[in-house]
Every structure is written in C-alpha cells, then in structure tokens.
**Q** 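Got a structure for you, written out below as structure tokens; questions coming shortly.
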Amino acid sequence: MKRLGILWIALLIGLTGLAVSQCAYPGPGGSFLNRAGHQSALDPMGPVARNQAGIFYVTLGVTVFLFVTVGGALAFSIWKFRLRTGDDPAAIPPQSHGHPLVELGLVLASAGLLVVIAVPTFGGILLKNRVPAADAADAIEVNVTGYQWWWSFEYPEYGFHTANELVFPVGRAVKLNLRAGDVIHSFWLPKLAGKTDLIPGQTNFKWIKADAPGTYWGQCAEFCGDSHAYMLFRAHAVSEEAWRHWLDRQRSATVVGGGDYTPLALARDPDRPDAARITHATRLFVQHCARCHSVDSRIQTSGPNLAHFGGRTTLAAGWMDNEPEQLKRWILEPHRVKPGNYMWSGFPDPANPRAVQMEGLRDAGLSEADAEALAAYLHLLK
Ligand code: CUA
C-alpha cells in the first residue's frame with residue numbers, strides 16, 4: 001500500500017516535470033509537443049512580455065522563500081520535538097499562550113512580502129496600459145475583434161481588414177484595441193504579452209513590441225465554446241521594408257497572381273489554362289461564400305476577410321497550414337476540423353436560434369472538384 005503511494009507521487013512529479021519542461025521547449029515546429037515551445041511566456045521577445053516574466057520571477061522568488069522558511073520551520077519543529085524513546089506519550093508538554101513580538105513580526109513580514117509583489121505588479125499594469133512616450137511616436141494601431149472562433153484585425157489608419165494573421169514592423173509598438181463580436185475571448189501572445197480579455201460592449205487595450213523579426217504564436221485563452229482550443233492566430237514581426245510591401249498589397253484591390261487583374265478578368269483570359277476552373281470557382285464563391293466572406297480588404301464581413309488569403313501561412317484561425325490539400329479538407333468538412341463552426345452549420349438567426357440566418361456549407365453539396373477549384377482560386381489571392 002505504502003509502495004503504491006510512493007509510485008503515485010513519483011508519477012505525479014514526472015508528469016508535472018514533463019508538462020513544465022514542454023512550456024519552455026524551443027522546438028522547431030512539427031509535432032504537437034514541439035509546437036508548445038512557440039507559446040512560452042518564459043521566453044519573452046518584447047518589453048511587455050519581459051516585464052511580465054520579471055513579475056512572475058519576483059512572485060516565484062517570494063513564494064519559494066515562503067515555502068522554504070515556513071516548510072523548514074515546520075520540518076525542524078517536527079524533528080526537534082518528536083517523541084523519543086523513554087518519553088511518556090501521555091505527558092503534555094508545557095503550554096504557552098501567544099508571543100506578541102513573533103506574531104507582530106510575522107504579520108509585518110507577510111505584508112512586506114506582499115508589497116514586494118505589489119510594486120512591480122502595479123508597474124506592470126501601468127506599462128501594459130500605456131505605450132511609453134519613446135515608442136508612441138511611430139506606433140501603429142490595430143482593432144482586434146474576437147469571434148467564435150477566429151480573429152479580425154482591422155488597421156484603421158490604413159482602412160483595411162485581415163484575419164487571423166497580424167503583421168507589423170519589428171521594433172515598433174503596436175496598439176491593440178480589443179473587442180468581442182459575440183462572447184468573451186482572451187488575446188494571448190505569450191512571447192509578446194500576457195492575456196487580456198475581449199469583452200462584448202467594451203474596448204480593452206494593450207500594446208506589444210517585438211525585439212526580433214519572426215512569427216509569434218497566439219491563442220484565445222478564455223473558453224468561448226466548442227472550438228475554443230482551435231482559436232489560434234499568428235503575429236508576424238517583419239522588417240520595415242517587408243511591412244511597407246505588405247501594406248501596399250493589403251491596400252490595393254485584390255491582386256491575383258502578382259498581376260493587376262481580378263479573378264474574373266483572369267478567368268476570361270483565354271490564354272490561361274485554368275481559366276474555366278477559376279470562373280467556376282468565382283461563381284461558387286459568390287454563391288456559397290460571399291455572404292460571410294469578402295475578397296475586398298476594405299469590407300468588414302461576418303466571417304474572416306479573405307482578401308490576399310494566398311499570402312497567409314495558416315488557415316482555420318492558425319489551426320492548419322495554408323496549403324491546397326488542407327484548404328480542400330477545410331472547405332469540404334470544416335465541422336470535422338473545428339466542431340460547431342458556422343461555416344458548416346450556417347449562421348444562427350439571433351431572433352430565432354433554431355433557424356439559420358445564413359446557410360452554411362452543410363447543404364451546399366460541394367464536390368471534391370468544387371473544393372479543389374475554390375482552393376486554387378483562394379490561393380491566387382496574394
Ligand atoms: Cu475565443 Cu476561446
């Protein structure tokens with residue numbers, strides 16, 4: 001029985017160690033466990049995250065100090081005043097009542113330790129809520145809206161929308177206005193800043209800045225329904241040159257295949273071998289997708305804006321790589337990828353939750369060839 005208990009404790013310690021080590025594993029991507037390293041708050045890559053990691057270490061230091069001193073005093077007393085051979089187990093040791101100096105000292109020490117945690121915490125709250133003057137001058141602004149289960153990113157200074165992939169220049173502050181389109185979500189970009197809730201009816205604020213170029217992984221951190229766990233996003237910190245290039249592209253009308261053509265114009269180009277397929281795809285798009293999606297970045301839609309979709313690295317809100325087979329699967333069976341999503345079931349009517357306001361793909365009857373054509377068309381939008 002005793003041995004079984006020890007076994008359980010060993011198993012618990014082992015599993016805890018495994019879980020904790022995965023939090024900081026700097027894996028190159030690939031397996032699910034490797035990817036966990038992309039979301040380590042203990043590997044801060046910007047001033048806000050660094051400040052918050054610092055507060056974590058201060059708090060950890062205080063709690064470890066408390067654990068060692070209180071636990072040590074307890075263990076010492078148990079050992080020192082243990083029952084020795086020859087002691088009378090029925091004898092009661094001399095009793096005392098209170099010790100004002102010790103009690104007062106402990107109260108003051110506890111309060112002092114709380115102050116040690118509180119001072120950097122308040123400093124962190126102030127930092128997170130206001131962009132420092134040095135960073136404010138060239139900061140950019142993004143309106144973030146959380147929906148079940150994707151992210152809308154609007155760049156109000158430039159007048160366009162995109163979804164699920166936030167792009168910004170490295171070394172410059174990004175002001176984030178956080179809102180919710182339906183239920184409460186939480187914006188979490190572990191390497192750049194901690195969690196902030198997106199709450200219907202109000203706007204929360206935070207800012208981020210990346211030290212180094214790269215792709216940072218984000219995640220909704222507040223349970224928001226069936227596919228909460230699949231509500232991811234990417235934040236790409238890019239060079240000033242790449243940022244301007246990206247901006248120009250987002251602000252232009254839909255550019256297909258690098259040319260100044262709309263998909264329809266391209267499809268009419270008789271020299272194009274896939275012209276018929278693209279025409280078919282644009283028709284399907286208008287028929288089945290256009291009520292919730294747009295390929296014009298200036299338009300706010302109820303589903304993710306798909307302008308320049310071919311330039312994104314992921315699909316289904318960061319859940320899958322943006323490549324043709326995955327996209328085909330996402331179009332054909334979104335309900336298997338993300339349970340409960342509206343693309344499959346249709347958008348519910350607020351007045352009558354049992355009815356749908358906009359039809360989903362469930363009843364669209366798309367064939368494999370249709371899905372392939374749609375995927376090819378969407379990947380032309382770069
Ligand atoms: Cu959105 Cu969880």
**Q** Check whether W150 and I331 end up in the same hydrophobic cluster, where Ile, Leu, Val, Met, Phe, Trp and Tyr are linked by side-chain heavy atoms less than 4.5 Å apart.
**A** no
**Q** On a heavy-atom basis, which atom in Y216 and which in L189 lie closest, and how many Å separate them?
**A**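 For Y216 and L189, the tightest heavy-atom pair comes out as O-CD1, 4.0 Å.
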**Q** Once you round to the nearest 0.5 Å, how far does OG1 of T196 lie from CD1 of I208?
**A**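 That separation rounds to 10.5 Å.
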**Q** Start with the C-alpha gap between V238 and V167, add the side-chain angles, then the distance that decides, and say whether side-chain contact (heavy atoms from CB on, under 4.5 Å) holds.
**A** CA-CA 7 Å; V238 299; V167 179; 4.0 Å; yes
**Q** Could you check if a side-chain atom of T282 sits within less than 4.5 angstrom of a side-chain atom of Y377, using non-hydrogen atoms only?
**A** yes
**Q** Under a 4.5 Å cut-off applied to non-hydrogen side-chain atoms, are F168 and L166 in contact?
**A**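 Counting from C-beta outward, F168 and L166 do come under 4.5 Å.
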**Q** Tell me which donor-acceptor pairs under 3.5 Å the side chains of residues 51-68 have, and how far apart each pair is, sequence neighbours excluded?
**A**
unit_1 : atom_1 : unit_2 : atom_2 : d
Q52    : OE1    : G194   : N      : 2.6
T59    : OG1    : I55    : O      : 2.8
T63    : OG1    : T59    : O      : 2.8
T63    : OG1    : L60    : O      : 2.9

**Q** Side-chain contact, heavy-atom cut-off 4.5 Å: F160 with D296?
**A** no
**Q** With a 4.5 Å limit on heavy-atom distance, are the side chains of L176 and W207 in contact?
**A** no
**Q** Is N341 reaching over with its side chain to a backbone N or O of K338, donor-acceptor style, under 3.5 angstrom?
**A**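 Yes; at least one donor-acceptor contact below 3.5 Å.
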**Q** According to the interplanar angle, ranging from 0 to 90°, do the rings of W243 and W246 count as parallel (below 30°), tilted (30 to 60°) or perpendicular (above 60°)?
**A**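 Taking W246 first and then W243, their aromatic rings lie parallel (interplane angle under 30°).
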**Q** Apply ring-ring contact (aromatic ring centres under 6.0 Å, His included) to H228 and list each qualifying residue two or more places apart in sequence or on a separate chain.
**A**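 Result, ring-ring contact (aromatic ring centres under 6.0 Å, His included) vs H228: F223.
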**Q** State the CG-SG distance between L366 and C289, to the nearest 0.5 angstrom.
**A** 7.5 Å
**Q** So, for Q219 and A229, which heavy atoms are closest and what is the spacing to 0.1 Å?
**A**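 What the structure gives for the nearest pair is NE2-O, 3.6 Å.
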**Q** Minimum heavy-atom separation for P190 to A49, with atom names?
**A**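 That would be O-CB, 4.0 Å.
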**Q** Keeping to residues at least two apart or across chains, list the side-chain hydrogen bond (donor to acceptor under 3.5 Å, both in side chains) pairs with something in residues 159-168.
**A** H161-Q300, T162-R312, E165-H236, E165-T313, E165-T314
**Q** Flag yes if L178 and I199 sit in one hydrophobic cluster, no otherwise; membership is Ile, Leu, Val, Met, Phe, Trp, Tyr, and two members link when side-chain heavy atoms are under 4.5 Å apart.
**A**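 No; I199 is not reachable from L178 via cluster members.
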**Q** If the condition is side chain to side chain donor-acceptor pair (under 3.5 Å), which residues does S367 pass it with, not counting sequence neighbours?
**A**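 If we apply the side chain to side chain donor-acceptor pair (under 3.5 Å) test to S367, skipping adjacent residues, the hits are D370.
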**Q** Salt bridge between R329 and E333, side-chain N to carboxylate O under 4.0 Å?
**A** yes
**Q** Hydrophobic clusters here meaning ILVMFWY residues chained together by side-chain heavy-atom distances under 4.5 Å, can you tell me if L232 and V337 are in one?
**A** yes
**Q** Counting the benzene-type ring for Trp, do Y230 and W330 have ring centres under 6.0 Å apart?
**A** no
**Q** With a sphere of 6.0 Å drawn around CD of E241, does it hold more than 12 non-hydrogen atoms of other residues, nucleotides or ligands?
**A** no
**Q** Can you list, by chain and residue number, the hydrophobic cluster partners of V170 when the side-chain cut-off is 4.5 Å?
**A** none
**Q** Using atom types as modelled and distance alone, determine if a side-chain donor or acceptor of Q326 lies under 3.5 Å from a backbone N or O of P324.
**A** no
**Q** Does the side chain of K382 reach to within under 4.5 Å of the side chain of H308, using non-hydrogen atoms?
**A**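 When only atoms from C-beta onward are counted, H308 and K382 do not touch, as no gap falls below 4.5 Å.
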**Q** Per the salt bridge (Lys or Arg N to Asp or Glu O under 4.0 Å) rule, what does the pair list look like for residues 44-59, sequence neighbours excluded?
**A** R50-D211
**Q** Determine whether V48 and K206 make a side-chain contact, defined as any pair of heavy atoms from C-beta on separated by less than 4.5 Å.
**A** no
**Q** Can you give me the closest heavy-atom contact between A212 and A237, atom names plus distance?
**A** O-CB, 3.9 Å
**Q** Out of curiosity, L306 CG to S297 OG, how far, rounded to the nearest 0.5 Å?
**A** 11.5 Å
**Q** Closest approach of A371 and L332, non-hydrogen atoms and distance?
**A**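 Taking A371 first and L332 second, the nearest heavy atoms are CB-CG, 3.6 Å.
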**Q** Measure from the side-chain N and O atoms of N322 to the backbone N and O of F309, and report whether any donor-acceptor pair falls under 3.5 Å.
**A**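 Side chain of N322 to backbone of F309, a donor-acceptor pair under 3.5 Å: yes, one is there.
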**Q** Donor-acceptor pair, N305 side chain versus I299 backbone, under 3.5 Å?
**A**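 Yes; at least one donor-acceptor contact below 3.5 Å.
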**Q** Show every ring pair (Phe, Tyr, Trp, His ring centres under 6.0 Å) that has at least one partner inside residues 87-133, sequence neighbours left out.
**A**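 Not a single pair qualifies under ring pair (Phe, Tyr, Trp, His ring centres under 6.0 Å).
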**Q** Of all heavy-atom pairs between S227 and P339, which one has the smallest distance, and what is that distance?
**A**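 For S227 versus P339, the nearest heavy atoms are OG-O, 2.6 Å.
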**Q** Which pairs pass salt bridge (Lys or Arg N to Asp or Glu O under 4.0 Å) with one or both residues in residues 59-86, sequence neighbours excluded?
**A** none
**Q** For a 4.5 angstrom cut-off between non-hydrogen side-chain atoms, does S152 reach T301?
**A** no
**Q** Count I, L, V, M, F, W, Y as connected when their side-chain heavy atoms are under 4.5 Å apart, and connections chain through other members. Are L198 and V174 then in the same cluster?
**A** yes
**Q** What's the spacing between R283 CZ and L374 CG if we round to 0.5 Å?
**A**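 Taking CZ in R283 and CG in L374, the distance rounds to 13.0 Å.
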**Q** Please list, one pair per line, the donor and acceptor atoms closer than 3.5 Å that link side chains of residues 134-149 to other protein atoms, with sequence neighbours excluded.
**A**
unit_1 : atom_1 : unit_2 : atom_2 : d
D135   : OD1    : K209   : NZ     : 2.8
E141   : OE2    : N177   : ND2    : 2.9
N143   : OD1    : N177   : ND2    : 2.8
N143   : ND2    : E154   : OE1    : 3.2
Q148   : OE1    : Y342   : OH     : 3.0
Q148   : NE2    : C224   : O      : 3.0
W149   : NE1    : C224   : O      : 3.1

**Q** Working to the nearest 0.5 angstrom, can you tell me the gap between F285 CZ and S294 OG?
**A** 6.5 Å
**Q** By the ring pair (Phe, Tyr, Trp, His ring centres under 6.0 Å) test, which pairs, at least two apart or in different chains, include something from residues 179-202?
**A** W151-F187, F187-F233
**Q** Please determine whether residues M231 and M343 belong to a single hydrophobic cluster, defined as Ile, Leu, Val, Met, Phe, Trp and Tyr linked transitively by side-chain heavy-atom distances below 4.5 Å.
**A**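 As far as the 4.5 Å side-chain criterion goes, M343 and M231 are not connected within one cluster.
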**Q** In Å and rounded to the nearest 0.5 Å, what is the CG to CG distance from L315 to D321?
**A**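 Here the rounded value is 8.0 Å.
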**Q** Return each pair, listed once, that meets salt bridge (Lys or Arg N to Asp or Glu O under 4.0 Å) where at least one residue sits in residues 173-198; pairs must be two or more places apart or across chains.
**A**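 Residue pairs passing salt bridge (Lys or Arg N to Asp or Glu O under 4.0 Å), neighbours aside: D43-K191.
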**Q** With sequence neighbours left out, what residues match W344 under ring-ring contact (aromatic ring centres under 6.0 Å, His included)?
**A** H335
